[in-house]
Every structure is written in C-alpha cells, then in structure tokens.
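Structure, as structure tokens:
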Amino acid sequence: MKLNQNYFNVNDSYLFSDIAKKVAAYQAANPQKKVLRLGIGDVTLPLAPAVVAALHSAADEMGRRESFRGYGPEQGYPFLKEAVRGYYDERGIRLDGGEIFISDGAKSDLGNILDIFGQDNVVLIPDPVYPVYVDTNVMAGRKVTYMNATEENGFLPMPDYSVDADIIYLCSPNNPTGAAYSLQQLKEWVDYANAKGAVILYDAAYECFVSEDGLARSIFAVEGAKACAIEFCSFSKMAGFTGTRCGWTVVPEQLAGGKANRMWLRRQTTKFNGVPYIVQRAAEAVFTPDGRRQIAGNINYYMNNARIIARALEELGIWFAGGKNSPYIWLKCPGGMGSWQFFDYLLENAQVVGTPGAGFGRNGEGFFRLTAFGSEEVTREAADRIKRLLLK
Ligand code: PLP
C-alpha cells in the first residue's frame, strides 16, 4: 500500500497544545496564582431546557417499540429540515427542503464537501482563518492561494479580479478575527464568483451573533448567491451543541445546474448515515418559541462578555476587530509585541490566557484572540486585570 503523501504536507498544529503546555508550566511554578482563560473557542453554558426536554422525550421514544427509529434519512429528518427552512424563511430567504442537508456539524461538511470538486481547482482562502479550510485542501493535494486579511482591510479581504479562483472560502463572522461582512461586501464576492464561475464555501457558523443591520447572516440574502454559494451552519455556537453535534449545509439547486446538489446527496447517502434521531429532535427544539428565548438568553450572555472585553480595550486605546457581532475579539498586541510575546506577557503579569493570532496564519502575527465564551465573572476579572496591566 501507499500512504496519502499529502498528509505529510499538512502543517502540524501545536497551537492549543503549546498554549496548554505554557499554562501548565506557569501554573506549576506559581501554584498560588489564579489563571483566567479567555482562549477557548468552546461554549460553556449548558444546553437550553427546551433542548434537554426534547432529548429526554426522544430518548423515551427510542425506548418504545412503536416509536423506535433505526436508520433515518441520510440528509436529515423532514421535521428538522422544515424547521431550518422556516429559520431562513423568516429572513425572506426561500429554500427548498431538498437544498438543506442536516449534518453532525459544520466541520465535517466543510471537509467533506471537497469530495464533489475536482482536483485541479484553484482554492482561495483568507489568512488568518479557521485552519480546517487549509488543512482539508492540503490533505486532498490541492494548492492553496491566500488572500490577505489585514488591519487595513478590517480583516475582510475583498475580491481582486486579477486573481483567478475556483473555490473561495469566506467565514463571517470570522474565526479568529470576529470581523463580519456587510451584505454589500458579500454582493461584491457573489458578483466576482459568478463572473469567474467559482463557488463560495460560506461558513456561517457564527451567524447567530450578528445583530447589526446591514451585516450578513446568510449569503443567500444576497442576490445571485444561489448560483455560486454553499452555506455551512451549525448549532454548536448557536445552541451549545459543540458536544451534541448537529449542523446543516445548504446546497442550492441553482448551483451548477443542480449537479452540485445531487452530487452532495449522492456523497452523503454513500458515506454518511445521518445524525441521531435524538439529536435532530434536540436541534428542532432550538427553533421552538421556548428554545428561541432560552438560546437568545445564552447568546446575550456571551455578547455581554464580549462588550466587557471590548470596553476594556477601548479604554486602553487598543485596536481590535470583532466583539460586536461575534464572540471573538481580535486585538492588536500593544507596544508592537509579537503574538507569543504578548501571550507570555499576559500570562506572567495578569494570569490571563488568550490565543496568539500567529496560530491562525501569517497575517495573525502581532494580533491576539480573546473569546467571550467564559463566565461573566471570569471575563470581568480578566478585563480588569488586562486594564490594570496595560494602563501602567
Ligand atoms: N466553522 C468555524 C469558523 C468554527 O470556528 C468552528 C468551530 O469552532 C466550526 C466551523 C465547527 O463547527 P461544528 O462544531 O459545527 O463542527
């Protein structure tokens, strides 16, 4: 046998293990110090009561012969597809049930979607960004072209017609920068993709944090997007499903004359056996009035944390992106420090842990990610410590 040599070209990611090692070493040397973590990208609030009730009742159904379910439709049960369709409908976006595919989360689909695209596509990926896009393409042996997300463009790169691309990744609101595209900016991307005959793989995993008018929550709010875009969405950050696992992907009928939709259906029915019934019932509960209210409460809780961090940075006069329509705050390291230098400085002098921007790409050097997913108490204390340290 021969191994897939492309795997040897994937950069080893030591970002989170390096962080863990540094924090463990610091804590071992300073056991009396309380370290506060604002580095994690995982949620901390528990599942909403409406979701838990749905899980219980679906589990009971599975325990009775008359309501037991075995294999379900690979692309998701109609009840959940219908709930997702309604979620788009409210925003004036009309989708057909056949365009919605239920998944076990955005990460799997973002990786698996590459199955339907040819080997010789030119891939365009922003730098910095969520590392999965690059790694999955490298594993598949594709060459990646980068577009620069920088302070100058507000970490929102725009299309350059002198650059040719076939597969374009956009992530809005962005991980790690928290920057979110406006509908107008997305329209420029849609026009570019349609002009080039390219596809936009649009990662909307953080759409639920968008509150400002004029910013995009779905690329399908933009005219022409159904001819050139696939959208990936997730219950992970929206409803705390990081460990429960559920998401959805929209592959429009108009894309490649319906071929992309049918190929994705074929791919999923061949290689995937669907999301557990219990989990799909839990996800359905997210869209009930109780679920909505409870989940909005959780999102507000995180966004309040984001405001606490943002206010501290404003007081310090530190440049940052995100925080308003995203649980991520992306700040410029003060005093011209490098990402890791600032990481050490913050850990040693304020016992606050964040994520060095350099871990998300070349353009992340000199920047730093803080997240709003912690508790309010920890967030407040961390913001105070950062203020006290940097005001000096
Ligand atoms: N997309 C982005 C931008 C993310 O940051 C993450 C997770 O952190 C995901 C997708 C993965 O989401 P899921 O939990 O649905 O696989």
Side-chain angles (χ1 to χ4, degrees), residues 13 15-16 19 37-45 47 51 76 80 84 87 100-114 125-137 149 155-157 168-181 200-210 215-219 229-250 268 272 274-276 279-280 282-283 286 295 298-299 302 306 321-323 325-330 354-355 357 359-361 364 369-374:
S13 173
L15 178 62
F16 290 100
I19 292 173
R37 291 162 205 271
L38 292 191
I40 49 154
D42 199 354
V43 293
T44 54
L45 291 173
L47 292 173
V51 169
L80 182 54
V84 170
Y87 185 58
I100 299 164
F101 296 80
I102 304 301
S103 71
D104 64 349
K107 188 180 192 174
S108 325
D109 278 13
L110 280 159
N112 295 333
I113 198 74
L114 293 175
I125 301 183
D127 171 351
V129 86
Y130 182 54
V132 166
Y133 316 148
V134 173
D135 292 350
T136 49
N137 275 286
F155 287 93
L156 294 169
I168 302 156
Y169 285 84
L170 296 180
C171 177
S172 179
N174 188 281
N175 178 14
T177 71
Y181 281 110
I200 295 173
L201 302 182
Y202 187 78
D203 185 345
Y206 296 94
E207 62 79 27
C208 59
F209 294 96
V210 172
L215 295 186
R217 293 190 57 183
S218 165
I219 195 165
I230 295 177
E231 179 161 295
F232 303 85
C233 223
S234 172
F235 292 97
S236 281
K237 310 298 158 92
M238 177 200 222
F241 272 55
T242 50
T244 306
R245 310 303 308 146
C246 198
W248 72 86
T249 293
V250 178
Q268 290 299 76
F272 182 57
V275 177
V279 171
Q280 292 193 55
V286 168
I295 275 142
N298 292 357
I299 290 171
Y302 294 136
N325 298 284
S326 153
Y328 295 122
I329 288 108
W330 180 251
T355 312
F360 297 98
R369 191 190 77 172
L370 294 173
T371 84
F373 286 128

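Start at 1 and go down the list; that is how both ligands and their atoms are numbered. What you see below is based on every heavy atom in this structure, not just the backbone, and it leaves out hydrogens, waters and symmetry mates.
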Spacing of [atom1] belonging to [X] relative to [atom2] belonging to [Y], to within rounding of 0.5 Å:
X    : Y    : atom1 : atom2 : answer
C208 : Y87  : SG    : OH    : 6.0 Å
F360 : N174 : CZ    : CG    : 9.5 Å
F232 : S108 : CZ    : OG    : 11.0 Å
L110 : N137 : CG    : CG    : 10.5 Å
T244 : L47  : OG1   : CG    : 4.5 Å

Does atom CZ of R37 have more than 12 heavy-atom neighbours from other groups under 6.0 Å away?
no
Which bit of A106 gets closer than 4.0 Å to ligand 1, counting heavy atoms only: side chain, backbone, both or neither?
both
Where's the contact between Y206 and ligand 1, heavy-atom distance under 4.0 Å: side chain, backbone, both or neither?
side chain
Report the residues that fulfil side chain to side chain donor-acceptor pair (under 3.5 Å) with Y202, sequence neighbours left out, ordered by chain and then residue number.
none
Identity and separation of the nearest protein heavy atom to [atom]:
atom                    : result
atom 9 (C) of ligand 1  : Y130 OH, 3.3 Å
atom 16 (O) of ligand 1 : R245 NH2, 2.8 Å
atom 14 (O) of ligand 1 : S236 OG, 2.6 Å
atom 8 (O) of ligand 1  : K237 NZ, 2.8 Å

Is N175 in polar range of ligand 1, meaning some N or O pair under 3.5 Å apart?
yes
Should G41 be listed as contacting ligand 1, given a heavy-atom distance under 4.0 Å as the test?
no
Tell me whether ligand 1 is touched by D203 - counting only heavy atoms on the residue side and a distance under 4.0 Å.
yes
Numbered atoms and elements of ligand 1 in range of [X], under 4.0 angstrom, heavy atoms:
X    : result
C171 : 3 (C)
G105 : 15 (O), 16 (O)
S234 : 13 (P), 15 (O)
A205 : 1 (N), 10 (C)

For a side chain to side chain donor-acceptor pair (under 3.5 Å) with D203, tell me which candidate from Y130, Y133, Y169 qualifies.
Y133
Please name all residues satisfying side-chain contact (heavy atoms from CB on, under 4.5 Å) with T44, sequence neighbours left out, ordered by chain then number.
I40, Y302
